[in-house]
**Q** 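Quick one: the structure is below, questions incoming.
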Amino acid sequence: MATEILMPALSPTMEEGKLAKWLVKEGDEVSSGDVIAEIETDKATMEVEAIDDGKIGKIVISDGTDSVKVGTQIAILLEEGEDASAIETIISSGGTTEVPSAANAPAAASEAATASAPVTAAAVSSAQPQDRVKASPLARRLASQNNIDISQISGSGPYGRIVKADITHAIENGVPSQQSAQQTKPSSSSAAPALPQGMKESEILALYNQDDYEVSPVDGMRKVIAKRLLESKTTIPHFYLNADVQLDALLELRKTINARSPAEGPNSYKVSVNDFIIKALALALQHIPDANVTWTGDAILKHKYSDVGVAVSVEGGLFTPVIRRAESKGLVAISNEMKDLAKRARARKLAPHEYQGGTTAVSNLGMFGVKNFNAIINPPHASILAVGAGTQQPLVKEGALSVGTIMTATLSIDHRAVDGALGAELLKAFKDLIEDPMGLLL
């Protein structure tokens with residue numbers, strides 16, 4: 001039967017987006033996996049794939065349309081043998097009972113989305129039966145052919161819809177039990193409380209002379225940053241630990257490492273202090289594994305690897321691209337990967353799996369001369385490390401006065417998941433690794 005293609009949620013924070021460009025036209029035949037459109041989200045321009053085979057029967061939302069809400073009908077896909085009458089049927093009925101959409105997450109992120117936990121399904125239209133399994137026709141056929149109970153699968157498509165990739169994953173890895181699937185669903189009791197309301201825009205504008213300011217409309221990225229940071233600061237019980245860390249040994253080692261780099265060419269490199277910080281935090285989390293966690297409300301996820309996000313400033317906001325399994329990577333590998341991620345972040349070319357998730361984060365404002373600050377935790381992380389500038393300061397060692405390069409590191413911790421003593425152990429492990437940096441090379 002004809003299927004609606006709805007505006008997909010291409011990230012957990014996406015509420016609306018711009019339908020930048022259709023890459024197909026009405027009458028075109030498409031196959032599962034074909035790129036059919038480009039959508040501008042709050043973070044980037046991303047390609048959208050078809051997840052069903054069929055023909056584009058009607059394009060409802062045209063190129064360049066801004067502020068299209070997630071779940072809005074953007075096109076209609078016809079199955080083999082269907083004609084235009086099916087389009088009129090689906091429009092006149094207010095929508096198909098075959099759940100959203102023939103579009104999935106971008107090609108760059110589809111594999112990662114399949115391998116990771118599924119996105120929690122959003123509420124569907126009131127016309128959609130609540131007990132109906134949401135799946136694409138292709139997914140249903142594959143499940144039937146392979147004798148798979150589709151009701152036991154959690155979908156990774158828009159609104160939790162089961163797509164071809166979910167069935168393929170189930171064929172290769174088995175189907176989770178109903179009980180385990182239920183355990184992965186967030187409890188309604190753990191939902192975040194309503195956020196406090198501030199002053200209304202009209203009330204704020206009334207305080208100022210209209211000739212004394214210019215209005216800059218808030219774009220999608222800034223709205224998401226504002227929403228997530230307000231939620232973080234008002235729902236996560238932060239506490240802060242700081243320590244002064246001596247950098248002299250690290251700076252000498254960095255000089256030695258960089259001196260070994262070819263002057264130019266594809267194998268040249270330049271390791272930064274921030275690369276050492278990323279590696280040290282990753283190893284510290286391995287040394288103190290009980291701090292490498294995520295709070296879910298009903299459980300604490302204890303992560304096996306150290307996936308370290310790094311705050312990157314971009315025009316109008318910031319990204320936090322993630323260095324995956326940073327504890328197992330060398331300093332040069334971290335440096336090269338970080339440069340690539342930062343470059344693509346500033347061009348807004350990152351795929352969602354490159355900036356979502358992670359277990360902790362680093363925010364470094366030392367290049368601006370900032371000595372210390374408290375960073376706000378980036379959910380779902382349980383910690384974030386804020387580092388300031390390294391400055392020369394007087395030191396007293398064994399009664400003798402000397403000069404050393406000191407950097408202040410401040411660890412913000414989610415007290416729901418990590419207690420004070422455990423957080424202090426993590427910060428000490430980080431400090432020890434920075435002050436004896438040869439341990440980062442072993």
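All values derive from a computational prediction rather than experimental measurement.
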**Q** Quick one: does Thr410's side chain get under 4.5 Å of Phe373's, heavy atoms only?
**A**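 In short, these two side chains do not touch, never coming nearer than 4.5 Å.
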**Q** What verdict does the side-chain contact (heavy atoms from CB on, under 4.5 Å) test give for Leu441 and Ile257, after you've listed the backbone C-alpha separation in whole Å, the side-chain angles of each residue and the deciding distance to 0.1 Å?
**A** CA-CA 11 Å; Leu441 306 181; Ile257 292 173; 4.3 Å; yes
**Q** Can a donor-acceptor pair be found, under 3.5 Å and without considering hydrogens, that links the side chain of Arg228 to the backbone of Asn378?
**A**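 No, because the side chain of Arg228 does not come within donor-acceptor range (under 3.5 Å) of the backbone of Asn378.
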**Q** Are the side chain of Glu354 and the backbone of Pro321 linked by a donor-acceptor contact shorter than 3.5 Å?
**A**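 Not confirmed, Glu354 side chain does not pair with Pro321 backbone.
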**Q** More than 12 non-hydrogen atoms from neighbouring residues, nucleotides or ligands closer than 6.0 Å to CZ on Phe368, yes or no?
**A**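 At most 12 heavy atoms, drawn from other residues, nucleotides or ligands, come within 6.0 Å of this atom.
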**Q** Kindly say whether Ile36 contributes a backbone atom to a donor-acceptor pair with the side chain of Asp34 at under 3.5 angstrom?
**A**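 Not confirmed, Asp34 side chain does not pair with Ile36 backbone.
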**Q** Which of these passes side-chain contact (heavy atoms from CB on, under 4.5 Å) with Ile150: Asp166, Leu142, Ile162?
**A**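 With Ile150 as partner, Asp166, Leu142, Ile162 yield a single side-chain contact (heavy atoms from CB on, under 4.5 Å), made by Ile162.
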**Q** Among all residues two or more places apart in sequence or in another chain, which pass the side chain to side chain donor-acceptor pair (under 3.5 Å) test with Arg346?
**A**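 Scan of Arg346 (side chain to side chain donor-acceptor pair (under 3.5 Å), adjacent residues dropped) gives none.
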**Q** Just to verify, what does Gln392 make a side chain to side chain donor-acceptor pair (under 3.5 Å) with, not counting sequence neighbours?
**A**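 If we apply the side chain to side chain donor-acceptor pair (under 3.5 Å) test to Gln392, skipping adjacent residues, there are no hits.
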**Q** For Ser363 and Ile384, work out which heavy atoms get closest and say how close.
**A**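 Smallest interatomic distance, heavy atoms only, reads CB-CD1, 4.3 Å.
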**Q** Looking at Ala375, is its backbone amide N or carbonyl O close enough to the side chain of Ser412 to form a donor-acceptor pair, meaning the two atoms are under 3.5 Å apart?
**A**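 Present.
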**Q** Does a side-chain N-to-carboxylate-O contact under 4.0 Å join Asp275 and Lys279?
**A**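 The answer is no: the pair does not qualify as a salt bridge.
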**Q** To check you understand the geometry: which heavy-atom pair defines the closest contact between Lys431 and Ala243, and what is its length?
**A**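 Residues Lys431 and Ala243, closest heavy atoms: CD-CB, 4.5 Å.
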**Q** Please check if the side chain of Tyr305 supplies one atom and the backbone of Ser328 the other of a donor-acceptor pair under 3.5 Å.
**A**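 No, Tyr305 side chain to Ser328 backbone: no donor-acceptor pair under 3.5 Å.
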**Q** How far does NZ of Lys227 sit from CD of Glu231, to the nearest 0.5 angstrom?
**A**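 Separation between the atoms: 7.5 Å.
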**Q** First locate atom NZ of Lys58, then atom CG of Leu78, and finally report the distance between them rounded to the nearest 0.5 Å.
**A**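 If we round to the nearest 0.5 Å, Lys58:NZ and Leu78:CG are 11.5 Å apart.
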**Q** Report yes or no: does Ser261 contribute a side-chain atom to a donor-acceptor pair with the main-chain N or O of Tyr269 at less than 3.5 Å?
**A**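 Answer holds: yes.
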**Q** Is it true that the side chains of Asn292 and Thr359 contain a donor and an acceptor less than 3.5 Å apart?
**A**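 Yes, a side-chain donor-acceptor pair sits under 3.5 Å.
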**Q** Atom NZ in Lys270, atom OG in Ser272: separation rounded to 0.5 Å?
**A**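 Here the interatomic distance stands at 9.5 Å.
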**Q** Any heavy-atom pair between the side chains of Ile288 and Lys428 that's under 4.5 Å?
**A**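 No. Closest side-chain heavy atoms not under 4.5 Å.
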**Q** Begin from the C-alpha positions of Leu385 and Thr360 and carry the test side-chain contact (heavy atoms from CB on, under 4.5 Å) through to its verdict.
**A** CA-CA 8 Å; Leu385 183 72; Thr360 189; 5.8 Å; no
**Q** Considering residues at least two apart in sequence or located in another chain, which fulfil the side chain to side chain donor-acceptor pair (under 3.5 Å) criterion with Lys233?
**A**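 Checked Lys233 against side chain to side chain donor-acceptor pair (under 3.5 Å); matches are Tyr240.
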**Q** side-chain contact (heavy atoms from CB on, under 4.5 Å), that's the test. Do Met221 and Val314 meet it? Break it down for me.
**A** CA-CA 10 Å; Met221 175 182 284; Val314 302; 4.0 Å; yes
**Q** What is the minimum heavy-atom distance between Ser383 and Ile413, and which atoms define it?
**A**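 Closest pair (atom of Ser383, atom of Ile413, distance): CB-CD1, 3.8 Å.
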**Q** Can you find a pair of side-chain heavy atoms, one from Val418 and one from Trp295, that are under 4.5 Å apart?
**A**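 Not touching, per the 4.5 Å side-chain cut-off.
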**Q** Compare every heavy atom of Gly54 with every heavy atom of Glu29, then report the nearest pair and how far apart it is.
**A**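 Heavy atoms only, the tightest pair is OE1-O, 3.3 Å.
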**Q** Give the minimum heavy-atom separation between Ala311 and Thr320, together with the two atoms involved.
**A**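 It is N-CG2, 4.1 Å.
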**Q** I'd like to check the salt bridge (Lys or Arg N to Asp or Glu O under 4.0 Å) partners of Glu327; sequence neighbours left out, ordered by chain and number.
**A**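 Salt bridge (Lys or Arg N to Asp or Glu O under 4.0 Å) check on Glu327 returns nothing, list empty.
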**Q** Quick one: pull up NE2 in His381 and CG in Asp414 and give me the separation to the nearest 0.5 Å.
**A**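 If I round to the nearest 0.5 Å, the distance is 12.0 Å.
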**Q** Between Ala345 and Val312, which heavy-atom pair has the shortest distance, and what is it?
**A**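 Looking at all heavy atoms of both residues, the closest pair is CB-CG1, 4.3 Å.
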**Q** Within a strict 4.5 Å, meaning less than it, do heavy atoms of the His287 and Leu433 side chains meet?
**A**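 His287 vs Leu433: side chains touch.
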**Q** Is the side chain of Asp419 donor-acceptor paired with the backbone N or O of Ala421 at a distance under 3.5 Å, no angle test?
**A**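 Not at all, since once roles are kept as given, no pair shorter than 3.5 Å links the two residues.
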**Q** Hey, mind stepping through Asn364 and Val273 against side-chain contact (heavy atoms from CB on, under 4.5 Å) and telling me if it holds?
**A** CA-CA 10 Å; Asn364 187 344; Val273 171; 5.6 Å; no
**Q** Return the orientation label for the His415 and Phe239 ring planes: parallel under 30°, perpendicular over 60°, tilted otherwise.
**A**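 Tilted.
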**Q** For a 4.5 angstrom cut-off between non-hydrogen side-chain atoms, does Glu26 reach Ile59?
**A**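 Side-chain contact under 4.5 Å: yes.
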**Q** Taking salt bridge (Lys or Arg N to Asp or Glu O under 4.0 Å) as the test, write out the residues that go with Lys55, two or more places apart.
**A**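 Residues passing salt bridge (Lys or Arg N to Asp or Glu O under 4.0 Å) with Lys55: none at all.
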**Q** Under 3.5 Å, side chain of Trp22 to main-chain N/O of Ile61, donor-acceptor pair present?
**A**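 Yes; judged by distance alone, with no hydrogens or angles, the pair exists.
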**Q** Output the distance between atom CG (Leu283) and atom CD1 (Ile278), rounded to the nearest 0.5 Å.
**A**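 Separation between the atoms: 12.0 Å.
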**Q** Quick one: does Val30's side chain get under 4.5 Å of Leu77's, heavy atoms only?
**A**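 Counting from C-beta outward, Val30 and Leu77 do come under 4.5 Å.
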**Q** Is the shortest heavy-atom distance from the side chain of Lys18 to the side chain of Thr65 under 4.5 Å?
**A**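 They are not in side-chain contact.
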**Q** Within the distance-only criterion (no hydrogens, no angle test), does the side chain of Asn242 pair as donor or acceptor with the backbone N or O of Ala409 below 3.5 angstrom?
**A**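 The answer is no, because no donor-acceptor pair under 3.5 Å joins these two groups.
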**Q** Rounded to the nearest 0.5 Å, what's the gap from CG on Leu251 to CG on Leu253? Could you check?
**A**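 Here the interatomic distance stands at 9.5 Å.
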**Q** Mark yes or no for whether Asp28, through its side chain, and Ile56, through its backbone, hold a donor-acceptor pair below 3.5 Å.
**A**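 No, because the side chain of Asp28 does not come within donor-acceptor range (under 3.5 Å) of the backbone of Ile56.
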**Q** Run the side chain to side chain donor-acceptor pair (under 3.5 Å) test against Asp340 and tell me which residues pass, sequence neighbours left out.
**A**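 With neighbours one apart ignored, the set is Arg344.
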